[in-house]
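This report refers to the structure that appears directly beneath it.
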2 protein chains.
Amino acid sequence: MAKQLKKIIDTSTEAKIKEAAKKLFTQKGFNAVKTREIATEAGINLALLNYYFRSKQKLFDIIMAENLISFRKGMSDVLNNEKGDIYKKIEKLAIYYIDTLKENPNLALFVINAIHDNQHDIFNSTEDSLHQSRKHFAKQFLKEIQDGKMAPIHPVHLMSNIIGLIVMPFLAKPMMLKRLHVSEKEFTQIMDERKKLIPIWIKAMLK
Amino acid sequence: MAKQLKKIIDTSTEAKIKEAAKKLFTQKGFNAVKTREIATEAGINLALLNYYFRSKQKLFDIIMAENLISFRKGMSDVLNNEKGDIYKKIEKLAIYYIDTLKENPNLALFVINAIHDNQHDIFNSTEDSLHQSRKHFAKQFLKEIQDGKMAPIHPVHLMSNIIGLIVMPFLAKPMMLKRLHVSEKEFTQIMDERKKLIPIWIKAMLK
DNA sequence: GTCTATATTCTGATAGAC
DNA sequence: GTCTATCAGAATATAGAC
């Protein structure tokens, strides 16, 4: 009880280290971040990092897990609980991820790198909720096709298109800003536009 | 003359190092790759790496440049030289990049990471050819909108959509294969399908 | 729990023999 | 050109005082 309360309002050293590590690891990846950097960013001594987390690797694993959970949470929530049709769900997905990535654009690259990193088997965690929600979404998808409302395409196409349209602008953001002479503020506005546009686009392209 | 011939048929130590470095750097990035690893992969001694390339950094810069050139070459060629309409160009782009990424799926992640890496200013090289070709493509794009053939959207939307649809499946490939139970062969087939589908999709969504 | 000082390992690079 | 041996510095991790 007291323990739980402590955790919630934790502004302790442990929390500070984790926060600093999260910021840096998400931004630059495992190898580019040095433990001294984390310590400085957290405003603590280097030795405390190992005192609380034993090793840099263990600290990273925790950050990795938390990032992935927050990245998946939206998908699980939307696909599972929303009663809407397939395009409504896509809109909810777009809203959730675009808002998340607006706050932390580096999260996209972090997750993509994690997907390619064989060291961490991030697909191991058999999250039943997410698995089930996907099944339901897949059913809706198949029904659309059977009813002749959607062109018969492979699920890989659908998923690639949804994820691609949502995530790619954030992955290519530095290029977009420089090459197309777009300001941060404009970029944010354009991303907000996409929340409405993406479901419309998906519907149009798969008709 | 003799020198040039030598370079073309080079299977020498220098070439072996470069090949090994290219493979590893493209796969894992600069920091994750250790010089000893490159030496082992190339089947040579560690000292030879510095003998031929002076430093790890210089070696990486060469690989980086070559990767970026091969990644841009397609864009420059297509946008510049092709006389087709905007959708024909998009199809040519899709064909070029999908074929390139089929051979080296890691290239996509490498370029994305390079885009985010402030250490290497990859936008500095003022390739006039590419710049000019973009201008022409931009004109075609604007004309489509003025003629009422295309919805009036920001260029960021268009570029995000084109790049997203082409590149995202390769970025998410490990996830796609595992989660959607797709084999390597199937994946390749699906990517080939996308060459024809992407221009059609873009046309449909932007009408 | 927190710090200073230090041990230990890793890593890029070089010297010098062949 | 290629190798072995080694250096110098960086980076992770720990010992031990407070």
Side-chain angles (χ1 to χ4, degrees), chain A residues 2-65 113 117-120, chain B residues 2-65 110 113-114 117-120:
Chain A
K3 231 182 189 175
Q4 219 170 9
L5 188 62
K6 237 185 202 171
K7 266 194 184 171
I8 293 170
I9 54 167
D10 209 351
T11 54
S12 64
T13 304
E14 185 173 350
K16 279 193 289 180
I17 296 174
K18 242 174 76 173
E19 203 185 346
K22 185 161 204 159
K23 179 183 165 189
L24 291 170
F25 279 141
T26 307
Q27 222 168 60
K28 314 202 286 180
F30 180 78
N31 285 294
V33 177
K34 307 304 167 192
T35 51
R36 279 171 176 78
E37 201 180 353
I38 298 173
T40 305
E41 173 79 24
I44 54 96
N45 188 275
L46 173 59
L48 289 176
L49 195 151
N50 294 74
Y51 174 78
Y52 281 104
F53 297 95
R54 271 192 56 83
S55 76
K56 179 189 178 186
Q57 185 64 53
K58 290 216 191 303
L59 177 53
F60 180 79
D61 290 346
I62 290 170
I63 306 302
M64 161 87 82
N113 275 312
D117 187 1
N118 299 319
Q119 226 175 347
H120 301 84
Chain B
K3 230 182 187 173
Q4 219 171 7
L5 187 63
K6 236 184 202 170
K7 264 192 185 170
I8 294 171
I9 53 168
D10 210 350
T11 54
S12 63
T13 303
E14 185 174 348
K16 279 193 292 182
I17 296 173
K18 241 173 79 172
E19 203 186 345
K22 184 161 204 160
K23 179 183 163 187
L24 291 170
F25 280 141
T26 307
Q27 224 169 61
K28 315 202 288 180
F30 181 77
N31 285 301
V33 177
K34 308 305 170 190
T35 51
R36 282 167 175 78
E37 200 181 353
I38 298 173
T40 305
E41 173 79 23
I44 53 97
N45 189 278
L46 172 60
L48 288 177
L49 195 151
N50 294 76
Y51 174 77
Y52 280 103
F53 297 96
R54 273 191 55 83
S55 76
K56 179 189 178 187
Q57 185 65 55
K58 290 216 190 302
L59 177 54
F60 180 78
D61 289 344
I62 291 169
I63 307 300
M64 163 85 84
F110 180 90
N113 275 312
D117 186 3
N118 299 318
Q119 222 176 349
H120 301 85

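Throughout, a chain's letter reflects where its sequence line sits, starting with A, and its residues are numbered from 1. All heavy atoms count here, side chains included; hydrogens, waters and symmetry mates do not. These numbers come from a predicted model, not from an experiment.
For B:Q57 and D:dA10, the CD to C1' distance is 16 Å, given to the nearest whole Å. With rounding to whole Å, B:K34 atom NZ is found 15 Å from D:dA10 atom P. Note: CG (A:L59) to C1' (D:dA11) measures 15 Å, nearest angstrom. The separation between B:R54 atom CZ and C:dT14 atom P is 6 Å, rounded to whole Å. Regarding B:K58, its NZ atom lies at a distance of 11 Å from the P atom of C:dT14, rounded to whole Å.
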Just the atom pairs and distances: protein N or O near nucleotides 2-6 of chain C's N or O, under 3.5 Å.
unit_1 : atom_1 : unit_2 : atom_2 : d
C:dT2  : OP1    : A:T13  : OG1    : 2.8
C:dT2  : OP2    : A:T13  : OG1    : 3.1
C:dT2  : OP2    : A:Y52  : OH     : 2.6
C:dC3  : OP2    : A:N45  : N      : 3.3
C:dT4  : OP2    : A:N45  : ND2    : 3.0

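Between A:E37 and A:K28, at least one side-chain nitrogen of the basic residue sits less than 4.0 Å from a carboxylate oxygen of the acidic one, meeting the salt-bridge criterion.
The side chain of A:T35 contributes no N or O atom lying less than 4.0 Å from OP1 or OP2 of D:dA11.
Note on ring orientation: taking the six-membered ring where Trp is involved, the planes of B:F25 and B:F60 are perpendicular (angle over 60°, cut-offs 30° and 60°).
In this structure, the separation between CG on B:L24 and CD1 on B:I63 is 10.0 Å, given to the nearest 0.5 Å. In this structure, B:K56 NZ and B:D61 CG are separated by 11.5 Å, a value rounded to the nearest 0.5 Å. Rounded to the nearest 0.5 Å, atoms CZ (A:F53) and OG1 (A:T35) are 13.5 Å apart.
Crowding of B:K23 atom NZ: a count of heavy atoms from other residues, nucleotides or ligands under 6.0 Å not exceeding 12.
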